[in-house]
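Worksheet for the structure shown next.
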Amino acid sequence: MAKDIEVGREGEFHDKDYHDPPPAPLIGPEELTRWSLYRAIIAEFIATLLFLYITVLTVIGYKSQTDAKNGGDGCDGVGILGIAWAFGGMIFVLVYCTAGISGGHVNPAVTFGLFLARKVSLVRAVMYMVAQCLGAICGCGLVKTFQKSYYTRYGGGANELADGYSTGAGLGAAIVGTFVLVYIVFSATDPKRKAMFPSWHHCQLDLLCS
């Protein structure tokens with residue numbers, strides 16, 4: 001493949017200042033012999049566990065504070081904006097902590113998208129998604145262990161459709177939101193962006209994902 005060049009002043013040519021990484025192996029069984037894979041799996045497990053633990057607790061706490069049966073009203077608690085800050089803040093911290101170890105996926109949708117783009121191998125993608133699902137289960141399990149009565153009363157902090165919206169509308173919103181998340185991850189990790197802002201790359205990824 002011909003190398004991209006940039007034209008400067010008359011008679012001057014410069015090689016591009018970024019390099020497209022080679023595609024990851026489709027299967028990648030050799031990764032099973034590398035410690036880096038298992039370290040990344042542990043990072044994804046812990047990150048997803050912490051993400052679900054904090055965010056589910058935040059949602060349950062908000063529902064408890066605004067529950068009329070407990071004497072609360074809609075103005076009590078952290079509010080919807082506070083919940084958004086909890087989700088965004090956790091993603092910011094966890095991506096910053098794990099980006100150099102596992103890539104900071106913290107979401108099976110991100111992992112699956114990167115697999116389709118040949119950024120990760122099938123073995124790594126499957127192991128990541130298993131670790132993420134197990135981390136999510138364990139995170140919710142910790143919430144249920146420590147706050148069982150609240151967890152049961154408020155449905156484990158699960159999302160609910162607002163009045164006036166159909167299941168189809170909720171599904172559409174989830175699809176669009178997931179698309180935007182994966183698109184942002186691809187944009188933030190583009191080699192051209194890293195070449196333009198090398199020292200700010202991880203901060204950009206954190207801010208955009210959160």
Side-chain angles (χ1 to χ4, degrees), residues 41 43-67 74 77-99 102-120 122 124-144 147 150-190 204-210:
I41 291 171
E44 288 293 317
F45 173 83
I46 294 175
T48 314
L49 183 152
L50 291 175
F51 180 71
L52 267 293
Y53 178 72
I54 296 299
T55 54
V56 170
L57 273 179
T58 302
V59 173
I60 290 177
Y62 168 71
K63 289 186 175 182
S64 174
Q65 292 170 331
T66 56
D67 190 350
V78 296
I80 300 300
L81 184 59
I83 294 175
W85 273 107
F87 276 76
M90 283 302 298
I91 285 293
F92 181 93
V93 172
L94 294 173
V95 170
Y96 183 83
C97 292
T98 61
S102 64
H105 296 190
V106 202
N107 191 316
V110 173
T111 301
F112 184 68
L114 292 174
F115 165 70
L116 293 180
R118 296 291 299 278
K119 302 293 185 181
V120 296
L122 176 62
R124 183 175 288 266
V126 171
M127 299 291 278
Y128 272 24
M129 287 189 280
V130 170
Q132 290 158 358
C133 291
L134 289 176
I137 293 171
C138 292
C140 292
L142 287 176
V143 177
K144 188 173 183 179
Q147 301 288 344
Y150 289 101
Y151 185 93
T152 303
R153 185 184 309 167
Y154 299 110
N159 292 336
E160 298 176 353
L161 286 171
D163 294 336
Y165 291 90
S166 65
T167 302
L171 177 62
I175 292 173
V176 172
T178 305
F179 171 82
V180 171
L181 170 64
V182 177
Y183 177 79
I184 288 173
V185 171
F186 273 82
S187 299
T189 56
D190 189 285
Q204 290 174 0
L205 177 60
D206 297 340
L207 289 171
L208 288 171
C209 287
S210 60

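Scope of the values below: all heavy atoms of this structure, side chains included, with no hydrogens, waters or symmetry mates.
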Is any side-chain heavy atom of H105 less than 4.5 Å from a side-chain heavy atom of R124?
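No; the side chains remain at least 4.5 Å from each other.
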
Heavy-atom check, side chain of F115 versus side chain of V126, under 4.5 Å:
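No, side chains not in contact.
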
Any donor-acceptor N/O pair, Y154 side chain to V59 backbone, under 3.5 Å:
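Absent.
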
If you count the non-hydrogen atoms of other residues, nucleotides and ligands that lie under 6.0 Å from OH in Y165, is the total more than 12?
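Incorrect, the count does not exceed 12.
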
What is the minimum heavy-atom distance between [X] and [Y], and which atoms define it?
| X | Y | answer |
| --- | --- | --- |
| Y150 | S64 | CE2-OG, 3.3 Å |
| C138 | L49 | CB-CD1, 3.6 Å |
| A47 | T98 | CB-CG2, 4.1 Å |
| A117 | F186 | CB-CE2, 3.4 Å |
| V120 | A125 | CG2-CB, 4.1 Å |
| L52 | C140 | CD1-SG, 3.9 Å |

Would you give the length of the straight line joining atom [atom1] of [X] to atom [atom2] of [Y], rounded to the nearest 0.5 angstrom?
| X | Y | atom1 | atom2 | answer |
| --- | --- | --- | --- | --- |
| N107 | E44 | CG | CD | 9.5 Å |
| C133 | F45 | SG | CZ | 11.5 Å |
| T111 | M129 | OG1 | CE | 6.5 Å |
| Y128 | T48 | OH | OG1 | 11.0 Å |
| F51 | Q132 | CZ | CD | 11.5 Å |
| F87 | I54 | CZ | CD1 | 11.0 Å |

Evaluate side chain to side chain contact (heavy atoms under 4.5 Å, CB included) for I60 paired with Q147, printing each intermediate quantity in order.
CA-CA 9 Å; I60 290 177; Q147 301 288 344; 5.7 Å; no

